[in-house]
> 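Let me begin by handing over the structure; questions about it come next.
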Amino acid sequence: MTTRPEPARRPGGRTARTRTRVLDAVLAELGEHGYDGLTMEAVAGRAGVHRATVYRRWGDVGGLLADVLDAAGDDAWQPPDTGSLTGDLTALNHEIQDALTAQPPIVAALIAASFRSEKAEHAQRRLWEDRYARCESIVGRAVQRGELPPRTDARRLLIAATAPVYHQLVLLRTPPDPDLPDQAARTAALAASAGAFGAAEPA
């Protein structure tokens with residue numbers, strides 16, 4: 001459940017404005033040149049900020065990427081609420097597919113960069129945790145509607161529903177299948193309604 005990072009837009013003083021310009025520049029550079037082409041100097045130049053300021057605050061490229069990912073977690077994004085479990089999971093999968101296939105490929109580049117930078121890896125993990133926590137409401141609503149058993153494990157269900165989209169686009173790097181978001185959502189919803197994702201009983 002990734003969403004496309006938007007340019008940072010935060011009110012505030014000079015420090016906040018500098019951060020906004022720098023993070024916007026990181027996204028632009030990453031989209032145009034990828035991780036291997038991302039440099040502190042290029043970001044500073046695009047942002048119109050002295051490179052010493054960029055080095056002092058962010059340290060290195062990993063620090064820049066980590067801040068971009070942390071900023072993405074500050075948004076107001078909420079998971080879809082269509083009125084049904086299958087509808088919610090389908091809409092979520094379409095959001096994921098749209099984000100992963102958008103041009104420039106910023107989301108895909110951020111995921112790839114998290115394998116190259118320890119700082120970005122930790123920040124990516126924090127963002128995943130945030131997104132999974134927000135998406136638990138999809139499962140909670142489905143339980144309330146009687147679509148799922150009460151002790152359904154939200155995390156396991158969400159992973160099962162979204163993993164095929166990530167697998168196809170991030171791991172296999174094959175062209176997007178327009179039917180996959182719907183198929184993966186329906187399969188996971190059917191399995192969940194049959195109790196496949198029941199949480200373990202407390203000891």
Side-chain angles (χ1 to χ4, degrees), residues 1-10 15-77 79 92-135 158-159 161-177 180-181 184:
M1 59 245 28
T2 189
T3 56
R4 181 180 173 84
E6 296 294 334
R9 292 287 178 262
R10 289 179 177 77
T15 299
R17 291 193 295 272
T18 296
R19 184 187 186 217
T20 294
R21 293 202 303 273
V22 169
L23 296 190
D24 287 352
V26 173
L27 291 173
E29 288 290 320
L30 191 65
E32 291 179 13
H33 307 294
Y35 177 85
D36 290 323
L38 184 65
T39 67
M40 303 289 277
E41 289 74 18
V43 168
R46 185 183 285 261
V49 176
H50 197 284
R51 66 179 184 177
T53 300
V54 179
Y55 275 102
R56 182 172 61 252
R57 177 161 181 178
W58 286 276
D60 56 20
V61 167
L64 288 170
L65 292 169
D67 202 18
V68 166
L69 289 162
D70 284 337
D74 293 338
D75 64 6
W77 179 84
L92 181 63
N93 274 351
H94 278 287
E95 285 190 25
I96 292 169
Q97 182 157 281
D98 289 345
L100 289 173
T101 56
Q103 294 298 323
I106 292 173
V107 172
L110 281 170
I111 292 174
S114 72
F115 290 95
R116 308 275 298 278
S117 161
E118 185 175 355
K119 292 178 183 177
E121 176 191 356
H122 292 318
Q124 181 78 77
R125 196 171 301 166
R126 290 192 294 272
L127 183 59
W128 287 125
E129 290 295 332
D130 171 77
R131 290 300 191 246
Y132 278 119
R134 297 192 201 193
C135 287
L158 291 166
I159 290 174
T162 60
V165 180
Y166 285 109
H167 188 88
Q168 181 190 57
L169 297 176
V170 178
L171 297 182
L172 297 179
R173 298 185 181 182
T174 55
D177 178 350
L180 181 60

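Just so you know, residue 1 is the first one in the sequence shown, and it goes up from there.
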> Between D130 and R134 (salt bridge meaning N to carboxylate O under 4.0 Å), is one present in this structure?
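Judged by the 4.0 Å cut-off on N to carboxylate O distance, D130 and R134 do form a salt bridge.
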
> Would you indicate whether E41, at its atom CD, is surrounded by more than 12 heavy atoms from other residues, nucleotides or ligands within a distance under 6.0 Å?
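Correct, the count exceeds 12.
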
> Between atom OG1 of T174 and atom NE2 of H167, what is the distance when rounded to the nearest 0.5 Å?
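That separation rounds to 8.5 Å.
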
> Report the residues that fulfil side-chain hydrogen bond (donor to acceptor under 3.5 Å, both in side chains) with Q168, sequence neighbours left out, ordered by chain and then residue number.
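Residues passing side-chain hydrogen bond (donor to acceptor under 3.5 Å, both in side chains) with Q168: none at all.
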
> Does the pair D70/K119 count as a salt bridge with the N-to-O cut at 4.0 Å?
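No, D70 and K119 are not salt-bridged.
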
> Are there more than 12 heavy atoms of other residues, nucleotides or ligands under 6.0 Å from atom NE2 of H50?
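No, the 6.0 Å shell around NE2 holds no more than 12 heavy atoms from other groups.
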
> So for atom CZ, which belongs to R57, do other residues, nucleotides or ligands contribute more than 12 heavy atoms lying within a distance under 6.0 Å?
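Count over threshold, so yes.
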
> I would like to know whether D36 and R116 meet side-chain contact (heavy atoms from CB on, under 4.5 Å); could you show each step before the answer?
CA-CA 10 Å; D36 290 323; R116 308 275 298 278; 2.6 Å; yes

> If you look at every heavy atom in L23 and A71, which pair is closest and at what distance?
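Minimum heavy-atom separation between L23 and A71: CD1-CB, 3.8 Å.
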
> Which atom pair, heavy atoms only, marks the closest approach of R46 to A28?
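The answer is NH1-CB, 3.4 Å.
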
> Does any non-hydrogen side-chain atom of T18 lie less than 4.5 Å from one of R21?
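R21 reaches T18 side chain to side chain.
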
> Report yes if some heavy atom in the side chain of L180 is under 4.5 Å from a heavy atom in the side chain of P164; otherwise report no.
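Counting from C-beta outward, L180 and P164 do come under 4.5 Å.
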
> Can you tell me how far CG of L64 sits from CE of M40, rounded to the nearest 0.5 angstrom?
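Atom-to-atom, M40:CE and L64:CG are 4.5 Å apart.
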
> Please name the pair of heavy atoms, one in S114 and one in E121, separated by the smallest distance, quoted to 0.1 Å.
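Where S114 meets E121 most closely, the heavy atoms are O-CB, 3.2 Å.
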
> Just verifying a value: how many Å separate W128 CH2 and I111 CD1, rounded to the nearest 0.5 Å?
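One gets 4.5 Å once the value is rounded to the nearest 0.5 Å.
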
> Are R125 and E129 close enough for a salt bridge, meaning some N to O gap below 4.0 Å?
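The answer is no: the pair does not qualify as a salt bridge.
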
> Enter the distance from E95:CD to L100:CG here, rounded to the nearest 0.5 Å.
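Answer rounded to 0.5 Å: 11.5 Å.
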
> Are side-chain heavy atoms of Q124 and F115 found at a separation under 4.5 Å?
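No, their side chains stay 4.5 Å or more apart.
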
> Ignoring hydrogens, what is the shortest heavy-atom contact between N93 and A184? Give both atom names and the distance.
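Shortest heavy-atom contact: ND2-CB, 3.8 Å.
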
> Does a side-chain heavy-atom distance below 4.5 Å link T39 with H33?
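Not touching, per the 4.5 Å side-chain cut-off.
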
> What is the minimum heavy-atom distance between L30 and I106, and which atoms define it?
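Shortest heavy-atom contact: CD2-O, 4.2 Å.
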
> Do L127 and L110 touch side chain to side chain, with heavy atoms closer than 4.5 Å?
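The answer is no; the side chains never approach within 4.5 Å.
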
> Taking all atoms of both residues into account, what is the closest heavy-atom pair of L65 and A113, and its distance?
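Nearest heavy atoms, L65 then A113: CD1-CB, 3.6 Å.
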
